Every structure is written in structure tokens, then in C-alpha cells.
Amino acid sequence: MEYKEYKGYRIFEKENGIIIENVKDFNLVHTFECGQCFRWTRESNGSFTGVVRDKAVNVLLEGENLIIENATFNDFIDLWYDYFDLGRDYSEIKRVLSRKDEIMRKAIDFGYGIRILRQDFWETLISFIISANNRIPMIKKTVEQMSRKFGKEIEFNGKTYYTFPSVEKLAEECIESLQVCGGGFRCKYISETAKMVRNGEIDLSLLYVLDRNGARKTLEKLPGVGPKVADCTLLYSGIKYDVFPTDVWVKRVMEELYFHRTASLTEIQKFASDYFSELAGFAQQYLFYYARENRIGTN
DNA sequence: CCACAGGACGGCT
DNA sequence: AGCCGTCCTGTG
């Protein structure tokens with residue numbers, strides 16, 4: 001059968017989709033339900049449907065074959081290769097982290113198929129501003145409603161989907177108009193952040209130049225962006241991998257399993273930086289998924 | 001009806 | 001610098 005190649009992957013083009021062979025270290029549930037993204041929904045056959053940039057797609061994993069419906073070989077090069085972080089050797093990351101301790105071994109054993117998605121910066125930023133003091137089902141709902149109201153309509157498999165709204169669109173909307181999406185007190189942050197980004201009041205190119213702490217401080221200039229939101233945005237849009245986003249679950253798992261006592265956020269940050277160093281972001285992801293799914297530290 | 005779950009922010013020390 | 005009350009919404 002005819003196939004094309006890109007960076008070591010064989011890609012088969014089929015009717016309205018592509019198949020990528022030999023995708024290792026990947027599990028759709030682990031990846032889509034580990035708290036890093038909000039726009040993928042699980043279908044009854046185990047596949048996931050979601051909107052990325054201006055495309056709605058369905059993704060299915062059959063063994064090591066990744067099947068993307070509504071994608072072409074060019075889309076793979078432009079988007080999907082980076083989005084699914086397919087250039088990274090997660091086996092090696094897991095090997096290194098597993099050598100650290102028994103806790104990491106357990107967490108990795110539990111979430112072995114997590115890949116950190118390289119998501120759109122703007123969507124990630126706004127999604128995690130919405131995530132502040134909020135729960136995942138509510139975050140999903142708000143992001144969905146904002147897309148429906150302010151995004152562009154797109155079609156896939158006879159259904160209508162909506163792209164995530166642009167900077168300009170969110171900047172021109174009044175707070176009252178944003179409020180109907182269920183963002184609550186976060187809507188004024190969304191509005192002000194959108195205006196600051198639109199007006200170029202923040203130099204986003206700095207994020208790629210500065211180190212972790214510098215990038216974090218830069219993002220924290222935006223309203224609604226504190227340490228946790230900044231770290232999540234940097235990690236899930238693939239800008240920095242040595243951050244360690246510390247929410248209540250990560251705090252709980254660190255206190256319960258590493259510190260065996262209460263620990264401050266700064267203390268946890270320092271530990272993660274020293275102990276996991278450049279792999280902190282990956283360690284955090286395995287720990288978060290392990291802690292939340294198993295409700296570690298809640299009793 | 002109330003208690004609770006979630007981070008950022010601003011005022012206080 | 002660290003502590004704490006407040007912000008909004010849905011669920012048990």
C-alpha cells in the first residue's frame with residue numbers, strides 16, 4: 001500500500017483521513033483526560049472528537065496505529081506531528097523518571113500513555129484563566145460556550161463545531177457578553193487579557209527567549225494569570241517543559257508522598273526544580289493524573 | 001438551605 | 001515575604 005514518510009513515521013492517506021504507524025507511548029484516555037485539554041470528548045467506540053485550530057477531527061488508536069479522521073498528510077506536517085508531540089521519546093523520559101523513586105514508577109505505570117499536547121498558546125492561556133478556582137466540567141462548559149458564541153462555525157461528519165475565538169474577537173466583547181458563557185468573576189480577566197494581548201502590551205516572543213522564571217513573570221503580568229496558570233500555559237503550549245504547575249492535587253500528592261507533611265508552594269517548586277530538573281513538567285503530569293484519578297491525599 | 005471545591009488578587013501584617 | 005477573605009458556579 002502507498003504511504004508517505006515524515007520524520008520517521010509512515011503515514012497512509014485514506015478516504016477523509018490518515019493513519020500514522022508505530023506511535024509509541026500513547027493512550028488516548030491518559031492524554032485527553034489528564035487535565036491538560038478541554039475540547040476533546042470521548043465517543044462510545046473509544047475514539048475522541050475534538051477541535052484543534054480550524055479543524056474538527058476524530059482520533060482513534062488501534063494498537064500503535066493512530067487514525068485521524070478529517071486530516072491530510074499536509075495537516076500531519078503542519079499540525080498533528082507537533083500537536084501530539086510525536087518527535088519526543090517518551091520511553092526515555094519514563095526511564096529516567098522511573099529511576100527516581102517508587103512514587104514515580106507507580107505514577108508512570110498508571111499514566112504510561114500520557115503525551116503532553118502542544119496546544120495553541122491563546123486557547124491554552126484563556127482556558128487556564130478559566131480554570132482558576134474552577135472544576136474541569138465547568139471549564140469545559142465555559143470553553144465550549146465561548147467557542148459557540150464567539151468562534152467560527154465548522155462542519156464535521158454532519159455536525160457543527162466551533163473554533164476557539166480569536167484574540168480580536170474576545171478583546172472587542174464586553175464583559176457582560178462574556179458572562180453568559182459561565183466564566184463568572186474570570187470574565188473580566190479574559191477581557192483585560194485579550195485587550196492587552198491585542199494591543200501588544202505584552203511581548204509574547206519573550207516567552208521563547210527567557211528561561212522558565214522569566215517566562216513565568218512575563219505571563220503573570222496578564223490579569224488572571226498567577227503561578228499555576230502561567231506554568232500550565234507554558235507547559236501545555238509546548239514553550240517550557242521544566243515548569244511544575246502546582247494545583248491542589250499536585251500539592252496533595254507532593255505532601256502525602258514526598259514531604260510527609262504540609263509544604264508551601266515555594267517549597268514544592270524548589271523541590272521539583274532540584275529533583276526533576278528539566279523533566280519537571282512531565283513528572284508533574286504523571287503525578288497529577290495519578291493523584292486525581294486515585295484521589296491521593298483526600299483522606 | 002448550607003457546605004464544599006477550586007487559584008488569583010488585594011489588603012493586611 | 002506570608003496569610004487570609006473574597007470572587008462564581010455547580011454538586012452533594
Side-chain angles (χ1 to χ4, degrees), chain A residues 33-39 41 119 121-150 170 173-197 201-202 207 212-237 240 243-256 259 261-273 280-281 284-285 287-299:
Chain A
E33 296 183 356
C34 68
Q36 61 177 327
C37 56
F38 304 103
R39 298 210 70 192
T41 49
Q119 300 177 76
F121 171 80
W122 173 245
E123 175 174 340
T124 309
L125 174 63
I126 295 302
S127 298
F128 281 92
I129 287 178
I130 294 167
S131 83
N133 209 22
N134 209 346
R135 285 138 143 217
I136 291 172
M138 267 306 293
I139 304 164
K140 281 188 166 173
K141 205 164 142 189
T142 301
V143 170
E144 219 44 61
Q145 286 179 9
M146 276 183 40
S147 302
R148 180 173 287 264
K149 201 161 160 29
F150 306 116
L170 290 184
E173 292 299 326
C174 61
I175 292 167
E176 294 71 30
S177 158
L178 296 174
Q179 286 283 3
V180 300
C181 302
F185 63 88
R186 304 159 196 90
C187 289
K188 63 176 182 295
Y189 301 147
I190 295 171
S191 173
E192 287 166 25
T193 288
K195 285 178 182 139
M196 284 179 69
V197 172
E201 290 171 50
I202 174 171
L207 301 179
R212 174 193 62 191
N213 293 323
R216 200 196 213 200
K217 291 295 157 242
T218 304
L219 270 186
E220 284 179 9
K221 292 194 172 92
L222 296 168
V225 181
K228 160 67 168 41
V229 173
D231 284 355
C232 284
T233 305
L234 291 168
L235 181 58
Y236 305 137
S237 59
K240 298 285 183 257
V243 292
F244 195 75
T246 307
D247 70 337
V248 284
W249 288 103
V250 174
K251 187 169 189 288
R252 279 201 274 255
V253 73
M254 294 306 286
E255 289 175 339
E256 178 101 356
F259 286 85
R261 61 174 172 82
T262 58
S264 72
L265 289 176
T266 36
E267 220 174 353
I268 292 169
Q269 289 291 311
K270 169 141 181 39
F271 176 86
S273 180
Q284 184 272 0
Q285 209 52 33
L287 287 169
F288 171 81
Y289 186 60
Y290 179 62
R292 197 168 62 89
E293 297 294 310
N294 297 292
R295 306 194 62 77
I296 302 270
T298 52
N299 283 314

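Each chain gets a letter, A, B and so on, in the order the sequences are listed, and its residues count up from 1. Since the model is a prediction, treat every value here as computed from it, not as a measurement.
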From A:Ile190 atom CD1 to A:Leu170 atom CG, the distance as rounded to the nearest 0.5 Å: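 Nearest 0.5 Å value for the CD1-CG distance: 7.5 Å.
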N/O-N/O pairs, protein side and nucleotides 8-13 of chain B side, under 3.5 Å:
from	atom 1	to	atom 2	distance (Å)
B:dA8	OP1	A:Gly226	N	3.2
B:dA8	OP1	A:Gly226	O	3.4
B:dA8	OP1	A:Lys228	N	3.3
B:dA8	OP1	A:Val229	N	2.8
B:dC9	OP1	A:Gly224	N	2.5
B:dC9	OP2	A:Val225	O	3.4

Verdict with reasoning, A:Phe244 to A:Phe271, per ring pair (Phe, Tyr, Trp, His ring centres under 6.0 Å): CA-CA 10 Å; A:Phe244 195 75; A:Phe271 176 86; 8.2 Å; no
Just checking, any donor-acceptor pair under 3.5 angstrom between side chains of [X] and [Y]?
| X | Y | value |
| --- | --- | --- |
| A:Ser273 | A:Arg212 | yes |
| A:Glu123 | A:Ser127 | no |
| A:Ser191 | A:Glu173 | no |

Rounded (10°) bend between the five-pair end axes of the helix from B:dC2-C:dG12 to B:dT13-C:dA1: 40°
Tell me the interatomic distance from [X], atom [atom1], to [N], atom [atom2], rounded to whole angstroms.
| X | N | atom1 | atom2 | answer |
| --- | --- | --- | --- | --- |
| A:Phe185 | B:dG6 | CZ | P | 14 Å |
| A:Leu265 | C:dA1 | CG | P | 15 Å |
| A:Arg295 | B:dG6 | CZ | C1' | 12 Å |
| A:Arg186 | B:dG6 | CZ | C1' | 8 Å |
| A:Asn134 | C:dG10 | CG | C1' | 9 Å |
| A:Glu267 | C:dG2 | CD | P | 10 Å |
| A:Glu144 | C:dT9 | CD | P | 19 Å |
| A:Asn133 | C:dT6 | CG | P | 14 Å |

Of the listed nucleotides C:dG10, B:dG7, B:dG6, the one nearest the side chain of A:Asp247: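 Selected nucleotide (nearest to the side chain): B:dG7.
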Side chain of A:Thr266 - closest among B:dG7, C:dG2, C:dG10: C:dG2
Is any side-chain N of the basic residue among [X] and [Y] closer than 4.0 Å to the acidic one's carboxylate O?
| X | Y | answer |
| --- | --- | --- |
| A:Glu220 | A:Lys217 | yes |
| A:Lys251 | A:Glu255 | yes |
| A:Arg261 | A:Glu267 | yes |

A:Gln269 to A:Asp231 - nearest heavy-atom pair and separation: OE1-OD2, 3.9 Å
Minimum-distance pair of heavy atoms, taken over all atoms of A:Tyr289 and A:Glu33: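 Heavy atoms only, the tightest pair is CE1-O, 3.5 Å.
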A:Tyr236/A:Phe128 aromatic ring centres below 6.0 Å: yes
Protein-nucleic acid N or O pairs under 3.5 Å, nucleotides 3-5 of chain B:
from	atom 1	to	atom 2	distance (Å)
B:dA5	O4'	A:Arg135	NH2	3.1

